[in-house]
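All figures in this text were calculated on a predicted structure; none of them were measured in a lab.
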Amino acid sequence: MAASSDYRDLMRLLRRAALLSDRVGERMFQRRIGAGRAVYLLLRTIDETEGGVVSQQSLAGRLGLTKGAVSRHAAAAHRAGWLDFAASPVSRRENALVLTPTGRALVQRGRAVQAEYENRTSEQLSDAEIAAAIKALSYICDALEEEEQR
């Protein structure tokens with residue numbers, strides 16, 4: 001078991017890394033493809049979904065966002081012409097989200113930005129360090145998700 005000060009340092013750095021990642025990613029994506037990182041991640045997730053149709057509820061779960069945040073990002077993407085709303089094949093109370101051809105083109109441009117974004121930090125880490133970080137963060141997330149369900 002880690003000393004409590006080491007754990008606090010880990011959690012502080014994790015929060016700092018997440019905030020920096022969001023700010024830097026948002027700026028990079030906005031400059032390079034004209035859409036923020038959050039919108040890009042939403043569109044990319046739809047693009048990677050079998051059949052290319054997904055509900056807002058399932059996106060919220062997969063991306064760790066609230067349904068309200070997914071709804072706001074989806075509305076912005078729809079206004080920009082990257083996303084259409086369709087009838088859900090599983091529920092009359094939900095909309096299914098479908099990429100437009102323009103949305104698919106944006107996702108393709110975004111993949112290059114994502115690769116550059118990931119390389120900025122990942123090239124500093126060995127495969128073993130990345131694996132250890134994934135393992136540690138998986139344990140933390142599992143414990144916190146279990147607590148959240150209580």
Side-chain angles (χ1 to χ4, degrees), residues 10-11 13-150:
L10 171 65
M11 295 306 284
L13 289 169
L14 177 61
R15 177 155 176 76
R16 184 172 171 221
L19 291 171
L20 286 167
S21 173
D22 285 345
R23 287 197 307 253
V24 170
E26 189 69 20
R27 189 174 57 240
M28 283 180 73
F29 279 86
Q30 194 65 50
R31 266 192 224 142
R32 301 270 301 278
I33 66 170
R37 182 170 177 249
V39 170
Y40 164 74
L41 291 174
L42 179 114
L43 297 174
R44 188 193 72 194
T45 302
I46 295 167
D47 188 54
E48 292 172 349
T49 300
E50 178 97 21
V53 177
V54 66
S55 72
Q56 291 183 27
Q57 179 68 40
S58 68
L59 279 171
R62 287 170 67 183
L63 295 172
L65 298 172
T66 64
K67 284 183 4 182
V70 169
S71 182
R72 284 189 304 278
H73 295 314
H78 178 71
R79 283 190 304 274
W82 303 321
L83 185 67
D84 278 332
F85 298 102
S88 170
V90 294
S91 170
R92 285 182 281 153
R93 293 191 291 156
E94 281 188 346
N95 287 320
L97 305 176
V98 182
L99 292 182
T100 65
T102 306
R104 280 191 290 284
L106 182 124
V107 169
Q108 285 307 110
R109 290 192 319 274
R111 289 185 196 286
V113 177
Q114 184 71 36
E116 178 186 332
Y117 173 80
E118 291 172 1
N119 286 336
R120 284 183 186 252
T121 54
S122 67
E123 64 190 15
Q124 305 296 319
L125 301 169
S126 70
D127 289 345
E129 289 169 323
I130 291 172
I134 290 169
K135 184 176 181 179
L137 292 172
S138 294
Y139 287 138
I140 291 169
C141 287
D142 289 348
L144 294 174
E145 285 173 354
E146 184 178 303
E147 183 62 30
E148 184 178 46
Q149 298 303 317
R150 290 184 188 179

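Val98 and Ala86 get closest at one heavy-atom pair: CG2-CB, 4.0 Å. Of all heavy-atom pairs spanning Gly81 and Thr102, the tightest one is O-CB, 3.8 Å. Contact between Leu106 and Ile33 at its shortest, heavy atoms only, is CD1-O, 3.5 Å. In this structure, Ala77 and Val39 approach most closely via the heavy-atom pair CB-CG1, 4.1 Å. For the pair Gln124 and Glu129, the tightest heavy-atom approach, listed with the atom from each and the gap, is O-OE1, 4.2 Å.
Side-chain contact check for Asp142 versus Glu145: some heavy-atom pair is nearer than 4.5 Å. Inter-residue side-chain proximity for Leu83 and Leu43 is flagged as met; some heavy-atom pair is nearer than 4.5 Å. At a threshold of 4.5 Å between non-hydrogen side-chain atoms, the residues His78 and Leu97 do not count as touching. In this structure the side chain of Val113 never reaches within 4.5 angstrom of the side chain of Tyr40, judged on heavy atoms.
One finds no salt bridge joining Glu26 and Arg23 here, because no Lys/Arg side-chain nitrogen approaches an Asp/Glu carboxylate oxygen to under 4.0 Å. Of the charged side-chain nitrogens involved, at least one lies within less than 4.0 Å of a carboxylate oxygen, so that Asp22 and Arg37 count as a salt-bridged pair.
Rounding to the nearest 0.5 Å gives a distance of 9.0 Å between NE2 of His73 and CG of Leu41. Considering CZ of Phe85 and CD of Gln56, their distance stands at 6.0 Å, rounded to 0.5 Å. Once rounded to the nearest 0.5 Å, the distance linking OG of Ser21 with CD of Glu118 reads 9.5 Å. Separating the CZ atom in Arg27 from the CD atom in Gln30 is a distance of 11.5 Å, to the nearest 0.5 Å. The CZ atom of Arg62 sits 7.5 Å away from atom CD of Glu48, with the distance rounded to the nearest 0.5 Å. Atom-to-atom distance recorded for Thr49:OG1 and Arg44:CZ is 10.5 Å, nearest 0.5 angstrom.
For residues 113-150, there are no ring pair (Phe, Tyr, Trp, His ring centres under 6.0 Å) pairs, not counting sequence neighbours.
In Glu148, the CD atom is not crowded: 12 or fewer heavy atoms of neighbouring residues, nucleotides or ligands sit closer than 6.0 Å. Within 6.0 Å of atom CZ in Arg111, more than 12 heavy atoms from other residues, nucleotides or ligands are found, so the atom counts as buried in its surroundings.
A donor-acceptor pair under 3.5 Å is formed between the side chain of Ser138 and the backbone N or O of Ile134.
By the salt bridge (Lys or Arg N to Asp or Glu O under 4.0 Å) test, Asp84 pairs with no residue at all, sequence neighbours left out.
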